Amino acid sequence: MSDVLTSAAVWRSEKSVGITGHTRHRNNPSPISVGFNAPGMCKTLTFGPTALAASIARTATLRDAPPEMLSRWGDSALTEVEWLIEDGAAFALTQHINSLADAERTAFAGRVGAGVTDLLMNALGYTWRDNAACLSSALAPHADFIYGDGAVTDRGVVLAEARGSFAANVSAATITGQAKRKYSKQVKPHLAAESPHGKVIHGYSIAFGSRPGSAGAFLHAAETRISKPRGKRSPPTEPPPGSSPESTPTSLALATHRANFSLVDAPSVVAWIDWVRAGGERPDVASPLSFLAIPYAGRTFLASAEPLRPFHDYPHWPDDLWHDPRWWQHFRRRRLLRRSGYGFAGWFVMEEKSAERFLNSLSAIIRSGRENTPAVLELPRIEHAGFAVDRDEGSDVSPESGYAYALYRDGLALLGSPPPRRIVGHRTWSPEEGLRSN
């Protein structure tokens, strides 16, 4: 195998990164999975600040740390993008980047690189994700993330290495070189390796960079290329037949939603996910968990009410919030200070149908016992919003309606503007009974 390198042009107007490069040998069979065809690399990747902040938070929370800690990391992603990324049509860093110590600037560049990688992987159709630390330690150094779904459904998973750089010497050549080196060292050696979620059958190394003080950015993706077979090879494994298009490995769905429900401030849900994954003592949850149903951009989203504890046990609290014209401030007072002075800094929520299907699946596992956990779950995928590939895709990055949000295929969303000042319902989740409307 070798890598096909897809280079990117400077970030153009409307915050689009143009991508050009080699054409994959599409007619050659994969030496790892028969019949596998990787998705075609896009020509442009377009995203706004809300989507960038959301993906930085999504990648930062793919860890087995306390959910309360991961939630604060998600908050910090919103703060960093607000203060360190300029508003405008072209990607640019604010002058505040010069106030950071070199180590912190390097760390922030790495976080942005991870966020851009997550946006590109989702735009290519990959839904479920985990930290690649789940690979055997004997395989170090390895890439950053594992992704599933899309083109690899029922076949395995893909690796994704992320790289970000903010320095005066950043150029198309340096970013290309970084992607090549990282692919060779941290992706290519692990093709065909086994992971807890399936065999690694494809890989990417994505590098992103920009020069402080200059508008524009560079993006380069190194991707596995399927070469013509040489000599004799072992017969590749056929994918299992007859699977549903909504099926996903349970292990990968649990890893994804552990990060998601950490971001939405639902640590009790995370505790049950951890019990299913690792066992130990069953969580002690005395009462059902509460969610508020709120309308936004033509959809209904569920917001965790756990941040309101201990007050959400008060029987009239949903009605009190309903009549409060600024009810959403009760949830995010710590986020209300922004560089722009605008009084809303973002809110992580779950799309209602996606949350319902997952929480009911989790309840079914809890009822039957973790020893009976199914190998796959049937979970929906929804059309992403807030970022797009190749402008003809129709995903609205800057909606005219005033809604500013990022929505992912797994149902996680970051609302970047205040929700309507009303609540359309109240949901409760009982670990053994599932999600119910009140």
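Sequence positions, counted from 1, serve as the residue numbers for this chain. Remember, it's a predicted structure, so these values are computed and weren't measured experimentally.
In this structure, Thr250 contributes its side chain and Ala375 its backbone to a donor-acceptor pair below 3.5 Å. In this structure, Ser210 contributes its side chain and Gly216 its backbone to a donor-acceptor pair below 3.5 Å. The closest donor-acceptor contact from the side chain of Tyr147 to the backbone of Asn122 lies at 3.5 Å or more, if one exists at all. A donor-acceptor pair under 3.5 Å is formed between the side chain of Thr153 and the backbone N or O of Gly150. At least one donor-acceptor pair closer than 3.5 Å links the side chain of Thr174 to the backbone N or O of Ser171. Arg63 places no side-chain N or O within donor-acceptor distance of the main-chain N or O of Asn131, the cut-off being under 3.5 Å. A distance-only check finds no donor-acceptor pair linking the side chain of Ser205 to the backbone of Lys182 [under 3.5 Å]. The backbone N or O of Trp128 lies less than 3.5 Å from no partner atom in the side chain of Thr256, so there is not a single donor-acceptor pair.
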Exercise for review: In sequence, state the C-alpha distance, the side-chain angles, and the governing distance for Leu407 and Phe301, and then conclude on side-chain contact (heavy atoms from CB on, under 4.5 Å).
Suggested key: CA-CA 11 Å; Leu407 173 63; Phe301 294 93; 4.0 Å; yes
Review point. Does the side-chain contact (heavy atoms from CB on, under 4.5 Å) test come out yes or no for Ile206 and Arg163, once each step is laid out?
Key: CA-CA 6 Å; Ile206 299 164; Arg163 173 73 178 176; over 6 Å; no
Check your understanding: Given the rule in the ring pair (Phe, Tyr, Trp, His ring centres under 6.0 Å) test, do Phe145 and Tyr126 qualify, once you have shown the distances and angles that lead to the verdict?
Key -> CA-CA 12 Å; Phe145 309 110; Tyr126 301 110; over 10 Å; no
**Study point:** Evaluation steps, side-chain contact (heavy atoms from CB on, under 4.5 Å), between Ile201 and Phe36
**Key:** CA-CA 9 Å; Ile201 68 170; Phe36 167 70; 3.8 Å; yes
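The existence of a salt bridge linking Arg427 and Glu352 is confirmed by a sub-4.0 Å separation between a basic side-chain nitrogen and an acidic carboxylate oxygen. A salt bridge between Glu246 and Arg357 is present, with a side-chain N of the basic residue lying under 4.0 Å from a carboxylate O of the acidic one.
When all heavy atoms of Ala60 and Leu70 are compared, the closest pair comes out as O-CD2, 4.2 Å.
Counted by atom type alone, Ser71 and Asp265 present one or more donor-acceptor pairs between their side chains at under 3.5 Å. Judged purely by distance below 3.5 Å, without hydrogens or angles, the side chains of Tyr296 and Ser417 pair a donor atom with an acceptor atom. Checked by atom type, the side-chain pair Glu223/His202 shows a donor-acceptor distance below 3.5 Å.
The six-membered or imidazole ring of His257 lies near that of Phe358, with a centre-to-centre distance under 6.0 Å.
With rounding to the nearest 0.5 Å, the separation of CD1 in Ile294 from CZ in Arg299 is 13.5 Å. For the atom pair Phe387 CZ and Tyr408 OH, the distance stands at 5.5 Å (nearest 0.5 Å).
Under the side chain to side chain contact (heavy atoms under 4.5 Å, CB included) test applied with Pro212, the options Thr94, Ile97, Leu100 reduce to a single match, Ile97. Checking each of Asn260, Asp149, Leu379, Ile382 against Asp410 for a side chain to side chain contact (heavy atoms under 4.5 Å, CB included) leaves exactly one that passes, namely Asn260.
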